[in-house]
Amino acid sequence: MTDRLHGGRATGAVPTPPRRFRSLASRLVVLGLGQLVLLALTAVVIFIAEGPHEEADPEDKLPAERVTQIEHLIDIPAALTAVMDELRAQRVEVSLYDDARQLIASNVDPPLAI
């Protein structure tokens, strides 16, 4: 009797579960969540690579003798430029100001604040 109700065939096949991501909207939501996870992972990797920076310690890179040498070169622009370029190559950022707080030289743009 049940064979007639089903068109004369015996249906022994197990029904397949519905696909979860059938609609475009659900696929876009999953794509957006995936991108958000990738962005968060990228931020974590960049933070780990850069790391928290220590407080600046100018005396670590510029000892007092070096500062005195740079002070004596203020009136010699070519030598001062060479020293500033050398410091920049060592990744030391320097801006020199006079007593009137006027910029004399800098190896960064914009100059460091006083």
Check: Leu112 main-chain N/O paired with Ser95 side-chain donor or acceptor under 3.5 Å: yes

Short side-chain to backbone donor-acceptor contact, Asn107 and Met84, under 3.5 Å: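 Here the side-chain-to-backbone pair exists.
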
From CA spacing to verdict: side chain to side chain contact (heavy atoms under 4.5 Å, CB included), Val94, Val83: CA-CA 10 Å; Val94 177; Val83 169; over 6 Å; no

For [X] against [Y], the heavy-atom pair lying closest together:
{"X": "Tyr97", "Y": "Pro111", "value": "OH-CB, 3.7 Å"}
{"X": "Arg22", "Y": "Arg27", "value": "O-NH2, 4.0 Å"}
{"X": "Ile104", "Y": "Leu80", "value": "CG2-CD2, 4.5 Å"}

Point-to-point distance, once rounded to the nearest 0.5 Å, from CD of Gln69 to CG of Leu62: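 Reported to 0.5 Å precision, the distance equals 10.0 Å.
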
Distance (rounded to the nearest 0.5 Å) between Leu31 CG and Leu36 CG: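 Atom-to-atom, Leu31:CG and Leu36:CG are 11.5 Å apart.
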
Side chain to side chain, Leu103 and Leu96, heavy atoms closer than 4.5 Å: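 Leu103 vs Leu96: side chains apart.
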
Single-linkage hydrophobic cluster, 4.5 Å side-chain cutoff, Val92 and Ile74 together: yes

Residue pairs passing the salt bridge (Lys or Arg N to Asp or Glu O under 4.0 Å) test where at least one lies in residues 89-110, sequence neighbours excluded: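 For residues 89-110: Arg88-Glu93.
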
Counterpart residues, salt bridge (charged side-chain N to carboxylate O under 4.0 Å, His left out), relative to Glu71 (two or more places apart):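 Glu71: no salt bridge (charged side-chain N to carboxylate O under 4.0 Å, His left out) contacts found.
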
